[in-house]
2 protein chains.
Amino acid sequence: MRPLPEPATEQLSLASVLYALGDPVRLELVSRVVASPGMICSDADLDVPKSTLTNHWRILREAGVVRMAVDGRCRRIWLRADELSTQFPGLLDVVLRLGENESTPTAVH
Amino acid sequence: MRPLPEPATEQLSLASVLYALGDPVRLELVSRVVASPGMICSDADLDVPKSTLTNHWRILREAGVVRMAVDGRCRRIWLRADELSTQFPGLLDVVLRLGENESTPTAVH
DNA sequence: GATGATTGTTCGAAAGTCCCGAACGATCGA
DNA sequence: TCGATCGTTCGGGACTTTCGAACAATCATC
């Protein structure tokens with residue numbers, strides 16, 4: 001499973017991580033990958049065009065929020081939980097906890 | 001001191017707040033307004049053009065992060081700390097704590 | 001009041017970013 | 001080999017960001 005490029009732990013910037021999380025679709029994607037570690041992109045199952053989804057995953061990956069690896073046709077995705085809590089202790093926990101309360105307007109099916 | 005328009009507490013969205021905080025300049029502005037409640041815009045003293053600064057303050061205000069009020073020629077600014085911790089308990093505390101550790105590349109003087 | 005200095009907004013142009021459909025490439029199963 | 005599936009790339013249109021120049025509002029002083 002070839003991994004896709006991602007920033008090293010020390011390079012993660014708070015502003016980039018907050019920016020990546022500052023979008024309703026991406027917040028929802030993060031919630032789902034927390035619930036389903038190793039999920040594939042299309043498991044997200046949101047009412048968002050494919051190419052837009054690719055872009056959202058890329059932003060999350062380049063900010064260091066998620067890790068992606070090629071697995072056959074698919075991309076498997078994990079939250080970089082350990083690295084994030086090393087660099088930004090408490091941040092993800094708070095955001096995920098608060099994210100649970102928010103509506104998920106883009107959910108579909 | 002006429003207040004400038006701002007969203008009501010119940011209307012604050014997590015994504016908008018995170019988006020507003022997801023910029024190095026705005027993170028720095030928030031740090032400074034925490035350190036100096038009631039500061040005026042130009043007290044920020046960053047190496048950023050005036051019109052750009054206006055825009056950053058506007059984004060913070062429209063996301064509900066700060067409150068602004070006209071005071072003579074100036075705009076006084078406060079963090080909406082109580083309202084933010086009502087809607088998003090823990091969020092600001094974490095972000096501000098982490099923000100302290102980050103470099104402040106845009107500081108000047 | 002006039003004048004000048006100070007504070008911040010508005011405007012417009014240039015550059016950049018985001019969204020999304022269409023076409024494509026890679027992989028898998030039959 | 002064929003068709004289906006998964007995701008990327010490309011290109012355009014729309015939107016956003018940045019920033020200088022001009023402007024509006026206020027204040028302090030004469």
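The figures that follow rest on heavy atoms only: side chains count, while hydrogens, waters and symmetry mates do not. Throughout, a chain's letter reflects where its sequence line sits, starting with A, and its residues are numbered from 1.
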Review point. What's the CG-P distance between A/Leu4 and C/dA26, to the nearest Å?
Key: 15 Å
Review point. So, is A/Tyr19 close to the C/dC18 phosphate, meaning a side-chain N or O under 4.0 Å from OP1 or OP2?
Key: yes
Review point. So how far is it from A/Leu27 CG to B/Tyr19 OH, rounded to the nearest 0.5 Å?
Key: 14.0 Å
Check your understanding: Rounded to whole angstroms, how far apart are NZ on A/Lys50 and C1' on D/dT9?
Key -> 11 Å
Exercise for review: Rounded to the nearest angstrom, tell me the gap between atom CG in A/Leu53 and atom P in C/dC18.
Suggested key: 15 Å
Review point. Between C/dG8, D/dT18, D/dG7, which one does the side chain of A/Ile40 approach most closely?
Key: D/dG7
Review point. What nucleotide, of D/dT8, C/dC28, D/dT17, holds the atom closest to the side chain of A/Arg73?
Key: C/dC28
Check your understanding: Rounded to whole angstroms, how far apart are CG on A/Asp43 and P on D/dT5?
Key -> 15 Å
Check your understanding: More 5' along DNA chain C: A/Arg26 or A/Gly72, using each one's nearest nucleotide?
Key -> A/Arg26
Review point. Between D/dT8 atom P and A/Arg2 atom CZ, what is the distance in whole Å?
Key: 10 Å
Check your understanding: Taking NZ, NE, NH1 and NH2 as the nitrogens, is one of them in B/Arg61 or B/Glu6 under 4.0 Å from a carboxylate oxygen of the other?
Key -> no
Exercise for review: Please step through side-chain contact (heavy atoms from CB on, under 4.5 Å) for the pair B/Glu83 and B/Arg67, ending with a clear verdict.
Suggested key: CA-CA 11 Å; B/Glu83 289 137 300; B/Arg67 164 163 299 142; 2.9 Å; yes
Review point. Under the side-chain contact (heavy atoms from CB on, under 4.5 Å) criterion, do A/Leu60 and A/Val30 qualify, and how do the steps go?
Key: CA-CA 8 Å; A/Leu60 288 169; A/Val30 170; 3.8 Å; yes
Practice item. Quick one: label B/Ser42 by what it contacts on the DNA or RNA (base, sugar-phosphate, nothing), any heavy atom closer than 4.0 Å. Key: sugar-phosphate
Practice item. For side-chain contact (heavy atoms from CB on, under 4.5 Å), just list the numbers for B/Leu98 and A/Gln87, CA-CA rounded to whole Å, side-chain angles, deciding distance to a tenth of an Å, and then say yes or no. Key: CA-CA 9 Å; B/Leu98 297 173; A/Gln87 288 289 304; over 6 Å; no
Exercise for review: Side chain of B/Pro49 only, please: which of D/dC19, D/dT9, C/dG8 is the nearest?
Suggested key: D/dC19
Check your understanding: Does a nitrogen or oxygen in the side chain of B/Ser51 sit under 4.0 Å from OP1 or OP2 of C/dT9?
Key -> no
Review point. A/Ile59 CD1 to C/dC19 P: how many Å, rounded?
Key: 7 Å
Point to revise | A/Asn55 CG to C/dG16 P, straight-line distance once rounded to whole Å | key: 17 Å
Review point. Looking at B/His56, does any N or O in its side chain come under 4.0 Å of the phosphate oxygens OP1/OP2 on D/dT17?
Key: no
Review point. Rounded to whole angstrom units, what separation is found between the CE atom of B/Met68 and the P atom of C/dG8?
Key: 8 Å
